[in-house]
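Before anything else, here's the structure in question.
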There are 2 protein chains.
Amino acid sequence: MRIGELAARSDVSVRALRYYEEQGLLEANRSDSGQRHYPESAAARVQLIQMLYAAGLSSRTIAELLPCVDARVSTPESRARLAVERDRIDAQIAALTRTRDRLDAVIAFSGSPGSGCTYIADRDVAAQASHSVMP
Amino acid sequence: MRIGELAARSDVSVRALRYYEEQGLLEANRSDSGQRHYPESAAARVQLIQMLYAAGLSSRTIAELLPCVDARVSTPESRARLAVERDRIDAQIAALTRTRDRLDAVIAFSGSPGSGCTYIADRDVAAQASHSVMP
DNA sequence: CTAAAACCTGACGTTGACGTCAGAGGCAAG
DNA sequence: CTTGCCTCTGACGTCAACGTCAGGTTTTAG
């Protein structure tokens, strides 16, 4: 399939796919005229790339991990590399969980009866500030 | 306390604190000479800001949420706003969990006996890696 | 009192993952 | 053939959260 179709299937932009290639994350077969041509499997690959980007990994890190995932290259070093990133993601999940619980606590408190503050009475500072931040 | 001490306590840069003020996230009392002075509570505030940044929220979004969290301002709208961000974080946790499990699977597979690839036998594996993505 | 350290306000620089535009070529349909 | 969409390669633009530098004032240590 050509780049436009892969973009549509993967729900990423054509520009992003070319960028992935530039970063060494995604390769393409070229037709005689130079157009990129991808196998079906490319869609899964792009999805994986997106997952890793969403986990906060950089292009460079992804480029280092992908050969391990996809060609099953396994050395002690590559497994360690994968584990490092796995642990980073674990830590990130833990931090996000704390943040979510913090927000939950605030929501529960502010929504509880007797919190005594369903309306802004004291200060117009808050409302004023949140509007004045916008240009 | 002055900005340098707050920075040290919160483990963020002085520049970052000034940026937070610029974005309306953190206010400071000024001395006659114009130097910023913060109360003890500022450290907790900065930590909260960091948590929210780490959760992927923008300055603008944080500026909208902070009055709710910290002044206990509660309207149906503000609670809804908090809930929206909480749900976003939940979704992010779910996505990260899937990514982590995916990496775990790769690690388990590449490390398992009989994977037939405990160490690299051929240095040129990368060159022939053109197909076969994960199941 | 003096020198170092900390602080101030601009203002320009950085980085990553793209967006966007320009100009040129390619491909199936009518 | 030619119309219209798709694709190509540069190359500059963007945006957020700061980093960094310049040039000047303030606070603190000795």
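We name chains A, B, ... by the order of the sequence lines, and we start the count at 1 in each one. Just so it is clear, the structure is predicted and the values come from calculations on it, not from any experiment.
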Note to self: So Ser59(B), base contact, sugar-phosphate only, or nothing? Heavy-atom distance under 4.0 Å.
What the structure shows: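 Counting heavy atoms under 4.0 Å across all strands, the contact made by Ser59(B) is with sugar-phosphate only.
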* To do: Would you confirm whether Arg81(B), through its side chain, and Thr61(B), through its main-chain N or O, come within 3.5 Å as a donor-acceptor pair?
  =>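 Such a contact is absent between Arg81(B) side chain and Thr61(B) backbone.
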- prompt: Can you check the Gln50(B) CD to dC18(D) C1' distance for me, whole Å?
  reply: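 It is 11 Å, rounded to the nearest whole Å.
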task = Check the surroundings of atom CD in Gln50(A): do more than 12 heavy atoms from other residues, nucleotides or ligands lie under 6.0 Å from it?
result = yes
Between CD of Gln35(A) and P of dC5(D) the distance, given in whole Å, is 16 Å
**Asked** Between atom CZ in Arg2(A) and atom P in dG26(C), what is the gap in whole Å?
**Response**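 About 13 Å, once rounded to whole Å.
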5' precedence on DNA chain C between Arg60(A) and Ser33(A) (nearest-nucleotide basis):
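On the 5' side of the pair lies Arg60(A).
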- request: Please confirm whether the backbone N or O of Val12(A) pairs with a side-chain atom of Ser10(A), one donor and one acceptor, at under 3.5 Å?
  value: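 The answer is no, because no donor-acceptor pair under 3.5 Å joins these two groups.
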- Task: Round to the nearest Å and state the distance from Tyr19(B) atom OH to dC12(C) atom P.
- Result: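 In whole Å, dC12(C) P and Tyr19(B) OH are 18 Å from each other.
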Taken to the nearest whole Å, CZ/Arg30(B) to C1'/dC8(C) is 8 Å
- Query: Can you tell me how far C1' of dT27(D) sits from CZ of Arg36(B), to the nearest Å?
  - Reply: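 Checked: the CZ to C1' distance equals 16 Å.
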When rounded to whole Å, the CD1 to C1' distance for the pair Ile3(A) and dT7(D) reads 8 Å
_One thing to verify: whether Arg45(B) and Glu27(B) come together as a salt bridge, which I'm taking to mean a side-chain N less than 4.0 angstrom from a carboxylate O._
no
- Send over the distance from Tyr20(B) OH to dA16(D) P, rounded to a whole Å.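 Those two atoms, OH and P, are 15 Å apart.
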Listing time: all N or O pairs from protein to nucleotides 19-21 of chain C that are below 3.5 Å?
residue: dG19(C); atom: OP2; partner: Ser13(A); partner atom: OG; Å: 2.5
residue: dG19(C); atom: N7; partner: Arg15(A); partner atom: NE; Å: 3.3
residue: dG19(C); atom: O6; partner: Arg15(A); partner atom: NH2; Å: 3.2
residue: dT20(C); atom: O4; partner: Arg15(A); partner atom: NE; Å: 3.1

Any ion pair linking Arg18(B) and Glu22(B) (charged N to carboxylate O, less than 4.0 Å)?
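Judged by the 4.0 Å cut-off on N to carboxylate O distance, Glu22(B) and Arg18(B) do not form a salt bridge.
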| message | Please determine whether a side-chain nitrogen of the Lys or Arg among Arg88(A) and Glu85(A) lies less than 4.0 Å from a carboxylate oxygen of the Asp or Glu. | response |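 A salt bridge is present here (some side-chain N lies under 4.0 Å from a carboxylate O).
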